[in-house]
Structures are given as structure tokens and as C-alpha cells.
2 protein chains.
Amino acid sequence: MSRKPRIRSGSGVTMHDVARAAGVSAITVSRVLNQPQQVSPQLREKVMQAVDALAYVPSRSARTLASARSRTVLVLIPSLDNTVFLDTLAGIESVLDAAGYQMLIGNSHYDSEQELQLLRAYLQHQPDGVLLTGLTHAAPFEDILRRRALPAVYMMDLADDGRCCVGFSQENAGAAITRHLLESGKRRIGFLGAQLDERVLKRLDGYRAALEEAGCRDAGLEWLDPSPSSMRMGAAMLEAALAARPDCDALFCCNDDLAIGALARCQQLGIAVPERLAIAGFNDLQPAAWCTPSLTTVATPRRAIGSHAARQLLRLIAGEAPEAAQTDLGFQLMLRRSS
Amino acid sequence: MSRKPRIRSGSGVTMHDVARAAGVSAITVSRVLNQPQQVSPQLREKVMQAVDALAYVPSRSARTLASARSRTVLVLIPSLDNTVFLDTLAGIESVLDAAGYQMLIGNSHYDSEQELQLLRAYLQHQPDGVLLTGLTHAAPFEDILRRRALPAVYMMDLADDGRCCVGFSQENAGAAITRHLLESGKRRIGFLGAQLDERVLKRLDGYRAALEEAGCRDAGLEWLDPSPSSMRMGAAMLEAALAARPDCDALFCCNDDLAIGALARCQQLGIAVPERLAIAGFNDLQPAAWCTPSLTTVATPRRAIGSHAARQLLRLIAGEAPEAAQTDLGFQLMLRRSS
DNA sequence: GTATTTCATGTTAGCGCTAACATTGCGGGT
DNA sequence: ACCCGCAATGTTAGCGCTAACATGAAATAC
């Protein structure tokens, strides 16, 4: 009694089929595809012809299973609704793609518990490394990384605790834009914050430090809301802020979405920007340069963070040391009409 | 002579370890994880305890290899720089995630040749299905899908050739917004187009049809540029258009980026919008409602397209018929101040 | 001229999981 | 008492690939 044959996966052409067609053994085909320099040119040629003729596609799962290397990297980001992370992904993709690595994208929705679930789920793919957004993660998270000796690179911020970080100082950036507002003569500078993820809170810290330094700190000028940021929310927060504190003469918004919404509402209400109220945003998204008046903001090297982090991770995966534990890619003030 | 042991992948805990710890056979563990109703509650309980105790994570590659099902879906999009596709991805993710499927994202950079390469590369993962953007793809592309009997759903547009499509009529949408401009009294309506992917060209067809219908078609009012669209480009195209045809009294921009750039430049040049020149965009991105003046545009159901397409694909993968060959999710004119 | 190294290729034995079939035990019909 | 059917669990044999070792031939050394 012969059993039912199993369903063949994929196109059904296996490495052995190619080997037979080329008159060699399977391992030779494997080597032609993975370490071509180990195979003589003639055989290499013959094998490649067979590969093309049969339209052979190697099976990634078989390879992962046999070699214990998946050539896959897990990327965990907090949101898919934010251009910031898109740009970062684009940078990551460009590097991984070129290295033959694939990326698995997990969206944690700004929730560290969900992030932990994602890590657990994606571990099934045996990723060779992980790219993370931000420095703070659920407690078991780092445990898992350690226990599995999974290389990880942290993006967007800096830390000097030995973890490999690629980003810039959120705190310094927040302080720098606040100082710019101070220098332009404003004294009652408010802060609009939404989402309140760790990066926003660090920008807030920077804002506070700069005001402290200038003796202008006023806790009544901070408006914080944990719900997701949007232009609509920026408009609403602006109204609430001015209603509560009509003396406020400048606003640092924790990101451009809020700032653009606030700016638009000022236009509608006839509030002169920047004379009566200066406004600054964060990230330098595309509309910042094109709204009316154009928005002063902080340009962040998102794409570079992604590509650099990916390169560092590939080094770690290969067992090399990273170029540096932390890489500070800086930020740039974009001074425009709104301040 | 005993060989060197192989490097264990992942944490090294396998299904057999769990089976031993629970005092059952490996297949029982497999069933507890995949078809729990086939296992008695007591055993199920015992196995789950062992799974937790050992922090067992099943190997996706082993499962894929043994079962010839990867529970992975390939998503091919033309760009990672465009919010439109992000929103679509978010919709897809929500459905696939809930169904235990993982998505692989390929970015074709608006290039059908590169799209074909991506398909070839990602076939190594033996995806169970493919989600595609648009209807036109490189010739060998559809061949590969057919030869492998890979279920596919086409997003963003409609076709009545039997392919499973989820989207809306780009052409009708282009015609509808053009008719709105006609109804508001404009007669020399221009078209600004960038990127010139198939969707832009269909919107252009709709625009032409509507003008033809009204007897207002004027080929000298079309400005097309194949480079990627951006606000900067919208501003530049606006200037070029008005220089060439100062009599132009309305502009339909193929997307909101162009429109917002054009709008901003009008503000700078003191051109009255909509009196002297009406402007309409496409997609209803967030800034459209918040720029000055607010932008008339076409709202597109991007997230719904993603989630609906993912649901259809899951049906196809399960061997069921799709609810309908095409699903028209429509569009909505957002009439605002710029027209 | 033999010992030693190198290089190119092959053989074998899994990687961790699940499909297919096999076995066991139990309740119910007659 | 017997047989049947069904439910719960087990055994076996791969899925397609590559690590490790083996082999044989050519190149090099002394």
C-alpha cells in the first residue's frame, strides 16, 4: 500500500530536481546559490542553466530550518499612521534589501504590551535581529532578547547604557526649539503634547529645561493629552490653551500634525502668527514648509536613522562590533514664518 | 565518532521537548496548538502547562515546510512614501493579524520590473496569496501567479475581466470632481499630473471625458510630469501652468500633494482661490482639511480597501469563492473652500 | 618519489514540524 | 456475546534544505 503523496509546496521544483537536470548533486546546487566561489565555473554555469530552465525558486523555510538562519529582521514600530515611521522603514528597507535580508514589520500601536505580543508572535519566524523604536519596552521584552541572544538596535533616541542606539537627543531637540522661541523674544511659551509616548515626554523635558534655564517656566502652560495626535486635535488644543491662558505668546507643539492644526485654527480665528502667537512643530513633515504661514519645526533624520540602524544590526548579526554603541545623527532647526 | 551537534535555532525548545515534559507524543502537542478541539481537555491543559513552562515557540519554517502552508501573504505596493498606501496597509494588517496571517511587504517603487523581481524574491517564502496595487503588471507577473495557482486580489481599481478587485473607479472619480468644477462655473479647467501611474492616467481619462461631455476639452490645459509628486512639484507646476495659460480658471491636481503645493504657491503669489483659480485635489489626506483655504478633494476609502481586499484574499486562500469578483467601495467628493 | 595540502564535489544525517495512516478503547446496537 | 463506529492518541515518514564529514584528484612541498 503506497501512501497518498503529500501536497508539494510552491511550484514543486526542488533543489534535487535542479541537481538531476544539471547532472550534479543537490549540495552543489546549494553551493552555486550560496557560495558560488566554491564551485568551478563550468558547473556553476550548468547549474544556473538548470535553475533558469526549471524556474526553480528555493524554499526559504527549508533553508531556515536547515541552517538556523532566517535572514529576516523584525522591525517593531509604534504606528503605521505616521510618516515619521514610514520614512524610517524606507531607510531600513533600502539597506536590508541590498543585503538579501527581508523585514517583518510589526505595528505595536504605541502599546508596549502589544509590542511584547508581537515579539512573541514574530519569534516564530526566528528573526536574526530586531530593530526597535524607542528605549523603553515591557519588562519581559528585553529578557527575551537577552535569553535568545537576539541582536537589537534601538532607533530614534540615545542611551549610554551599552545598548546599540541610532537616533538623536529628543531632549536636546526640544530644548533647542524652545530656546529659539525664547530668543525671538517670547516669554510665555506653552507646550502642546499628544500621544505622550516616550519621545514626546523627552521633548517636554527639553522644553522644561530650556525654560527653567531662562527663568520662564510656567507649569500652567503645558497641555497634555494621551490620545493620538492629529491636525484636528491640534486645532482643539489650541482653542483650549488660549481660552485658559490668553497671555500665552508662543506654542511648541510636540509634532507637526498638532502644529499645523493649531496654525490653521489661528488663521480661522484671526490670530496673528507669529506676532500674537508664535508656533513651532517637530519633525519637518512635508506640509510644514507649505502651510500658511510656513511652520518653524525641527527636521529629524528619519530615513538616515533607519538605514544606519539597519547597517548596525547587520554588523551585530554578523558577530562584528557596531561602529559605535550610540550614533547621534542630530537634528536641524527649520526656522520659518510661524516664529 | 560523533559529529559536532548542529546549532539549534531559536531558543532550542522543540515540540518534542514539550511532548516529553507533558508525557505525550509530539503530534498531540501539534494538535493542541493547531486543532485543540481534537484533544481532550485534560491533555490540552497538561500540554499548555508544558508550553508555558518551557516558553516554547513553534518554528514557523518547520511548520511551513511540513504543511506546505505559510500563513503568509505578500503585499506589493508602489511606494512607502505615500500615506495612501500606508492607510491601505493598516487596513490589511488589521484583518490578517486577526486571522493569524503575517504580511510581507514589498515596495516596487512604481516600477513594474522591480515588482516582478520582488515577486520572484518573495516567492521563496511560499506566500499563500498576494495583494496587488493596480491592475497592470509586467507580463510574466500574471503568468507566475497562474502557474502557481496563487490567489491574488487587486486593490485600488476595478476591472471586469474576472480578477478579484477591491477599489473604486478612478475614472469616475476623476470625472466627478471635474464635473463639480464645471458646475461651479469654471470652463478652462486644467489638469496637473505627476508620477503618471495607472491611477493618475485613469483620473486623467475621467477628467477628459467630463470636459468632452461639456464641450470644454482643451488639450493645452494638461500638464503631465512623470517624476514623483510632492508639494514642491505642485508649486512648480502651478507656476508653469499659469505662465503658459493665464486664462486657466481651475485646476484638478491628480493628488493632494500637488494640490497643496499649488495652493500654497497661489497664496504666495496673491492669486485668489477659488475666485481667480479653483483648485481640487485627490485622496483627502489629512492636511487637505487644514490648509488655507481648505482643499476640495476626493475622499478615497483606502483603509476599507485594504481590509476588504485582505478578507477577500483569505476567502480565496481557503478555497471559497469571493463575495464578488469586483467590489466597488466608492469615493466621496469633499467640497471645501478651494473651489 | 612520497607526504602533505588544497580544491572541488559527494554522502549522510538531520533541522522541527505535520499528513497520512495505525492503533487503542469505549459505548451502543443487536 | 459480538461487531461496528467513532473519538482520542500514537507511529512513521517525509517536507526541502544545508552542516559536517568524506572522498578523490590535482597541486605543492621536501
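None of these values were measured; they are calculated from a predicted model. Lettering follows sequence order; numbering is per chain, from 1. Only this structure's heavy atoms are used, side chains among them; waters, hydrogens and symmetry mates stay out.
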Can you tell me how far P of C:dC15 sits from CD of A:Gln126, to the nearest Å? 13 Å
How far does OG of A:Ser108 sit from CD of A:Gln117, to the nearest 0.5 angstrom? 12.0 Å
Of the options A:Arg163, A:Arg148, A:Arg147, which is the one that meets A:Glu142 in a salt bridge (charged side-chain N to carboxylate O under 4.0 Å, His left out)? A:Arg163
Interatomic distance, B:Gln38 CD vs C:dT23 P [rounded to whole Å]: 19 Å
Can you tell which of D:dC17, C:dA19, D:dC15 lies closest to the side chain of B:Ile27? C:dA19
Whole angstrom value for the distance that separates P of C:dA19 from CZ of B:Arg63: 9 Å
Without decimals, in angstroms, what is the distance between A:Arg69 CZ and D:dT18 C1'? 13 Å
Between D:dC17, C:dG16, D:dG10, which nucleotide gets closest to the side-chain atoms of B:Ser25? D:dG10
Take the angle between the ring planes of A:Phe85 and A:Tyr110 and call it parallel below 30°, perpendicular above 60°, tilted in between. perpendicular
Heavy-atom nearest nucleotide on DNA chain D taken for B:Gln42 and for A:Val29; more 5' hit belongs to B:Gln42
Go through the side-chain N and O atoms of A:Ser59 and B:Gln126 and say whether any donor and acceptor fall under 3.5 Å apart. yes
First encountered from the 5' end of DNA chain D, between A:Arg31 and A:His16: A:His16
Nearest whole Å is fine: how far is D:dA7 P from B:Arg44 CZ? 14 Å
Of the listed nucleotides D:dC17, C:dT18, D:dA19, the one nearest the side chain of B:Met15: C:dT18
Choose from D:dA8, C:dG10, D:dG14 the nucleotide whose nearest atom is closest to any side-chain atom of B:Ser40. D:dA8
Taking OP1 and OP2 of C:dT9, is either one under 4.0 Å from a side-chain nitrogen or oxygen of A:Thr28? no
Report the nucleotide, chosen from C:dT18, D:dT18, D:dG16, that has the shortest atom-to-atom distance to any side-chain atom of B:Ala66. C:dT18
Rounded to the Å, how far apart are B:Arg20 CZ and D:dG10 P? 14 Å
Can you find a donor-acceptor N/O pair under 3.5 angstrom joining the side chain of A:Arg60 to the base of D:dG16? no
A:Tyr56, nearest nucleotide to its side chain (from D:dC17, D:dT9, C:dC17): D:dC17
Atom CD of A:Gln37 and atom P of C:dA8: how far apart are they, to the nearest Å? 9 Å
For B:Gln102 and A:His125, test the side chains for any donor-to-acceptor distance below 3.5 angstrom and give the result as yes or no. yes
Rounded to whole Å, CZ of A:Arg71 lies from P of D:dC17 at a distance of 15 Å
Taking C:dT18, C:dT9, C:dG16 as options, the one with an atom nearest any side-chain atom of B:Ala26 is C:dT18
